Every structure is written in C-alpha cells, then in structure tokens.
Number of protein chains: 2
Amino acid sequence: MDPRPALNTDPHEVGARLRRMRQARGISLSELARRAGIGKATLSGVENGSRNPTLETLWAITAQLGVPLAAVLDPPADPLQVYGKAAEATLLQVFDEGPVTFELYRLRVRPGITQRSPGHHAGVTEHITVFSGTLCAGPAQRPLTAGPGEFIKWTADSEHIYTTMGEEEVHATLLMRYPLVDGV
Amino acid sequence: MDPRPALNTDPHEVGARLRRMRQARGISLSELARRAGIGKATLSGVENGSRNPTLETLWAITAQLGVPLAAVLDPPADPLQVYGKAAEATLLQVFDEGPVTFELYRLRVRPGITQRSPGHHAGVTEHITVFSGTLCAGPAQRPLTAGPGEFIKWTADSEHIYTTMGEEEVHATLLMRYPLVDGV
DNA sequence: CGCTACCGTTCCGTTTATGGAACGCCTCCG
DNA sequence: CGGAGGCGTTCCATAAACGGAACGGTAGCG
C-alpha cells in the first residue's frame, strides 16, 4: 500500500486520529460528513488514509469535531526540548494567568539514568502528572515517587532530579508555575 | 442551513504567513518550490490564497521552512470550547501512545454553576490536576474534590459533573484517556 | 419474512489542485 | 546594446480530490 517509505506526516496517522476522535464522540461517519457538509466518500477516504485532504476539507471536519486543526496533525516536531538525555520535556503551551505564568510540558523520562536539573527562581513550583510508568522526582535530597494517575509537586528552587522506578519509560505532563516577580 | 461560521482557516491568512516566513528566511519563491519539490505555480497559488492546498503540499512547504505545520494555521487561540458555560475546556494536544490516545485540555470552571457532561464511551478515563481553586468533579452521584496541586481521576462512561467549591474560578488540566476502539 | 433505516465502502462523473512550460519583468554583466 | 539568468505570475493538460449515487451488511420491526 505504501508506495514510499513513511512520509513524515502520513495520511494514515491523520486519518486514524480523526476516526478515533469521531468514535470517541459516538458520531457515525455518515453523520459527521453530513454535519461537516462534505461527502461520505471524502470522509471515508480521509479516515482510511487513501486521500490527501485539502486544507478546506480538513478544516470542515475538525471544526465539526470541535478541535483545532493542529490537533490532528502529527504531534509537535517540537523545537524546544529541555533537559538532558534521561528526561526530555517539550513545551506545549504557555498560560499567562495574571500574576503567574504556567508552562505546560510533555515529559518523557528514559529508564536507568538520573537526570539532574539545577534550581530555578524562587517561588517556582513543578507539578508532574504521570500517565504511564513510575517516576521518581523532586528535590535531590528528598525525591518523591508517583505511578500512573498520580502526581508530584514541589518547589523547584533547589536542585532536583528525575529518574524512573523500574525499566519502563515514564510519560507525564509537567506544569511549571512561575510567579511574576515584579516587572518581568 | 449552517450559517457559515466565518472561515477561521482562511487561505489568504495561511498564504500570507507562509510568504512572510519564506521572506524572513530570504528564500525566493522559486527556490523554496524547488527545495520542497513542488511546482512554482502551486506555491505561488498557495501564497496568494488562490488555492486550497492539500495536506501533502502544505507539509512539503512547512517542512522546508523548518516549522511545524501547525505554525501556519490559525496560530495562537483556536479555542475549542466543549462543555457549557460553567466549564470550558480547550484542547491543547493529542498524544498517540500506542494503543491509547490522550487528549490534553486546559480546563476552567466558573464558580456557582454546575456543569453536567454525558458519559463517554466505555473505558474512557479523565484525569484532572488542579492548579488553583477547589474543584468538585467526577461521577454525578459520587463526585470528588481537589484543591491546588491535587488530582482527580475517574472513568467517564457515566454522566459526570464539574463545579467549584467556593467562589474562586478553578484552573486545571484535564487529561482524557481513550482506549483504542477495535480495528484502528 | 419483507420493509425500512442506518452504517461504511466503492463507483463514477465533475471539479480543482498540480507542476511543467510558457510569459513579462527585473538586474547583471560582456 | 544584447544575452543570460534570476524573479513571480499565468496558461494548460493531467492527476486527483470532490460529492452524489450506488452497493453490501447489519440491525430493528410489523
């Protein structure tokens, strides 16, 4: 089926994501096509990856699903990756909530290595929510552990570490909370 | 039928962004088209907004510019607002982690109103991490509460609610976990 | 049973995005 | 000067995305 070796953004991935989103919402293909004002044939083809949708078509679909178009594209070929080779954090979003700023990262920690991070500014806190694997993180001298569905929170103004418990790679979200220090 | 909702993803806007990015890099239209392996006519049309590019074409262009595809779409705020007027969820990112899909939302809940949400498909779970305020959420008949830094998790296959405890607006992240529904 | 109502896929004529080859326009030399 | 080589746009045959109308499959129901 694949005439060429897996293009970066391949239609199958996009289609699969669309189909999953549609099914998660309990809408039939016909119904979604009707609401989006496109042909069933088109939607079927897009979901199966056998078509290469135009921007307009893709917009019509995602708009009806109520998601931004970017949500169905390949997850960020994200330029911003901090930390070292044990832990990798990609910045997803920045929120400015008046006096504080939140930075939301997706965090992956590889097993077997301990990642150290120097302290940040005073008042900075980190919240980590684990969704797979078991993470050990926090202040270097007093780290905490969390399994799937659990979270860790600490003030990040001293050196802290990230490591895994066990051999499984850890997937988590990391939320950094920066209080606004006058001016900045 | 549908009063056409002012096309958010306007080809002219997309084209203008592409042109600006290209010019910022000091590359000519011909040169970019050559590198991206597309026709000059195509790139010209896309930049002028007179064409409706396919995903493949758009990918070829953005890849050569070294930016994620999402960068040329309506950039900052493309807020999906699900739920009602008490709770507002903005989809930030979709992760495909093998057999499951995660959708990460930013959640805001206004005080004083209770938001109800119908059940999702079987196996869907919701994880909420609260940053500020105190949230009461979960299955309608057995909701849970969480304050700043705390965490709520439940299976979302029955009706569930979101409301605040107290007068403060609640800020949180919502992680929806969708198990893979059959085939793909 | 047939009849209806959906579902998702496939067929097919129409529409349109595509890229090669013009085009007109510049600037840079010989 | 004229010619060469760059630019961005336009022309046009071809390929492909589009939607309407089939199709087979699966309930529900009298």
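Because the structure is a prediction, the values reported are computed rather than measured. Just so we're on the same page: letters track the sequence lines, and every chain starts at 1.
- In this entry the distance linking CG of Leu29(B) with C1' of dT9(D) reads 9 Å, nearest Å.
- Annotation: side chain to side chain contact (heavy atoms under 4.5 Å, CB included) contacts of Glu168(A) (sequence neighbours excluded): Ser132(A).
- Within the 4.5 Å cutoff, no side-chain heavy atoms of Thr42(B) are placed close to those of Ile61(B).
- Atom-to-atom, CG of Leu55(B) to C1' of dT18(C) comes out at 16 Å; the value is rounded to the nearest Å.
- For Ser44(A) and dG8(C), the shortest distance from a side-chain N or O to OP1 or OP2 is not below 4.0 Å.
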Nucleotides 15-27 of chain D: protein proximity per nucleotide (B base, S sugar-phosphate only, - neither; heavy atom, under 4.0 Å) = --SBBB-------

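- If you take CD of Glu31(B) and C1' of dC7(D), they are 12 Å apart, rounded to a whole angstrom.
- Summarising the geometry, the separation between CG on Leu32(A) and P on dT9(C) is reported as 13 Å, rounded to the nearest angstrom.
- In this structure, Ser28(B) reaches the dC7(D) phosphate: one of its side-chain N or O atoms is under 4.0 Å from OP1 or OP2.
- One finds no side-chain N or O of Arg34(A) lying less than 4.0 angstrom from the OP1 or OP2 phosphate oxygen of dC6(C).
- Partners of Thr62(A) by side-chain hydrogen bond (donor to acceptor under 3.5 Å, both in side chains), not counting sequence neighbours: none found.
- Note that OG1 of Thr57(B) and CG of Leu55(A) are 10.5 Å apart. Values are rounded to the nearest 0.5 Å.
- Of the inter-residue distances, the one linking Gln64(A) atom CD with Ile27(A) atom CD1 reads 7.5 Å to the nearest 0.5 angstrom.
- To the nearest 0.5 angstrom, Leu29(B) atom CG is 10.0 Å from Arg34(B) atom CZ.
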